Amino acid sequence: MKIKLNDNFNNIAESYLFSDINKRVKAYKEKNPSADIVRLGIGDVTLPLPKIVVNALVKASEEMGVKETFRGYPPEYGYDFLKEAVARYYKLINLDLDLESIFISDGAKSDLGNIVDILGDNDIYIPNPVYPVYVDSNLMEGRKIHYLKGSEENKFLPMPDGLNNDPKVIYLCSPNNPTGATYNYDELVKWVDYAKSSGSLIIFDSAYEAFITDGAPRSIYKIPGANEVAIEVSSLSKMAGFTGVRCGFTIIPSTLEVSGVKLNKLWKRRQATKFNGVSYPVQRAAEAALSIEGIKECQKNLEYYKENTKMLRELLDEKGIYYSGGVNSPYIWMKCPNNMKSFEFFDFLLEKANIVGTPGVGFGEYGEGYFRLTSFASNEDTKKAVERLRKIL
Ligand code: PLP
């Protein structure tokens, strides 16, 4: 062929992280076939869907098989019944959302990747380490990326101090994947004030908000003025175990505008052109998950994962090892002992304790020397891992 391709793809580093991990584990297993490997690197939920969600999925699927209740294309921005459920969910944290500002999606990843469609050639500011989608989706558009360094000094919560006053697009992820670090109210006020004074946009990823237990804001809109500077992208993946069901939502308030052009209007146009909506049974399942009873059932699953983070935190406290996360997050971000690099510690854990985790460097250069442990294994496996870690750390 002689067509031109998007050369920006040449600038995107191949992600070898998980294939590299799998290769190392496979090689170890071949040499040590009887090894009982415990996986604390899982970034996906493992508990089944709450019953109320399954019932809603089944009922809505049956409706699709009956002439009177069959439905064709869903609305591009989501059914009102689900947008109303999202609005009620926000009402629980005392926020009033206009239905026009809510967009139902097939998950946060799609919207985080697609939002670049409505933005021009801005400077992009992204925390590091962080979930890699923000970086790669901007590289695909040829955008210039600046990293906001996360470190022990700033508790892996980079702040706007020292940034110039030019308008920029800023990604914030709180609670953060992989560090579990969560901005408190005052810190988010600083970000929102900075965005206002510099004319910047914040894209706030709240995919892990349901894990928050220490009173930190669960939405950027808890901050006064955020509805003039922030888009919020959220998901039912971790809150309700929807990683395999696929549903999320994005909030674009009608108050977000640039020279009189509403971002909400551009996003409507973008979605109506390139997206045909989320299936009816999935939207009914999401509605069930966001009901009061559904939230209770989902929280039971989150409590189960939290028992795991508690066990891991207690061990790291006992050993005096630095970590962040694990309170408002299913992730614990620990410093590798003895100044080991991330992959050195990976090999050390695999060999000495048959435990698999995720090397921090896989989430950005400032993740080097750190390691992510997750709470998505079973309580039994996590307990086993903690006992092994106690002996080798
Ligand atoms: N945002 C963050 C920070 C994540 O860690 C993930 C998934 O791991 C996502 C978004 C993607 O969520 P979804 O499953 O809704 O696409």
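Counting starts at 1 for both ligands and their atoms, in listed order. Reckoned from all heavy atoms, side chains included, excluding hydrogens, waters and symmetry mates. Because the structure is predicted, anything quoted here is derived from the model rather than measured.
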On the 0 to 90° scale, with breaks at 30° and 60°, tag the Y134-Y131 ring pair as parallel, tilted or perpendicular.
perpendicular
Look only at interatomic distance and state if N177 has a nitrogen or oxygen under 3.5 Å from any nitrogen or oxygen of ligand 1.
yes
So for ligand 1, is R246 a polar contact partner (N or O within less than 3.5 Å, distance only)?
yes
Assess the pair Y366 and Y147: is the distance between their ring centroids shorter than 6.0 Å?
no
Out of all atoms in ligand 1, which are within 4.0 Å of some heavy atom of C173? Include the element for each.
3 (C)
Heavy-atom contacts with S235 under 4.0 Å: which atoms of ligand 1 show up? List them by number with element.
12 (O), 13 (P), 15 (O)
Can you tell me which residue and heavy atom of the protein come closest to atom 12 (O) of ligand 1, and the distance to 0.1 Å?
A108 CB, 3.8 Å
Among F371, F156, Y208, ring pair (Phe, Tyr, Trp, His ring centres under 6.0 Å) partner for Y331:
Y208
The atoms of ligand 1 lying under 4.0 Å from a heavy atom of G107, numbered in the order shown, are 15 (O), 16 (O)
Quick check on K29: does its NZ atom have over 12 non-hydrogen neighbours (other residues, nucleotides or ligands) under 6.0 Å away?
yes
Numbered atoms and elements of ligand 1 in range of D205, under 4.0 angstrom, heavy atoms
1 (N), 2 (C), 3 (C), 10 (C)
Which residue and non-hydrogen atom of the protein lie closest to atom 7 (C) of ligand 1, and at what distance in Å?
K238 NZ, 3.5 Å
Measure from atom 11 (C) of ligand 1 to every heavy atom in F242, Y131, Y134 and give the option owning the shortest one.
Y131
Over 60° means perpendicular and under 30° means parallel, so classify the ring planes of H146 and Y125, tilted if in between.
parallel
Nearest protein heavy-atom contact for atom 14 (O) of ligand 1: which residue, which atom, what distance?
S237 OG, 2.6 Å
More than 12 heavy atoms of other residues, nucleotides or ligands under 6.0 Å from CG of D166: is that the case?
yes
Say whether, by atom type as modelled, one donor and one acceptor occur between the side chain of T179 and the main chain of W333 under 3.5 angstrom.
no
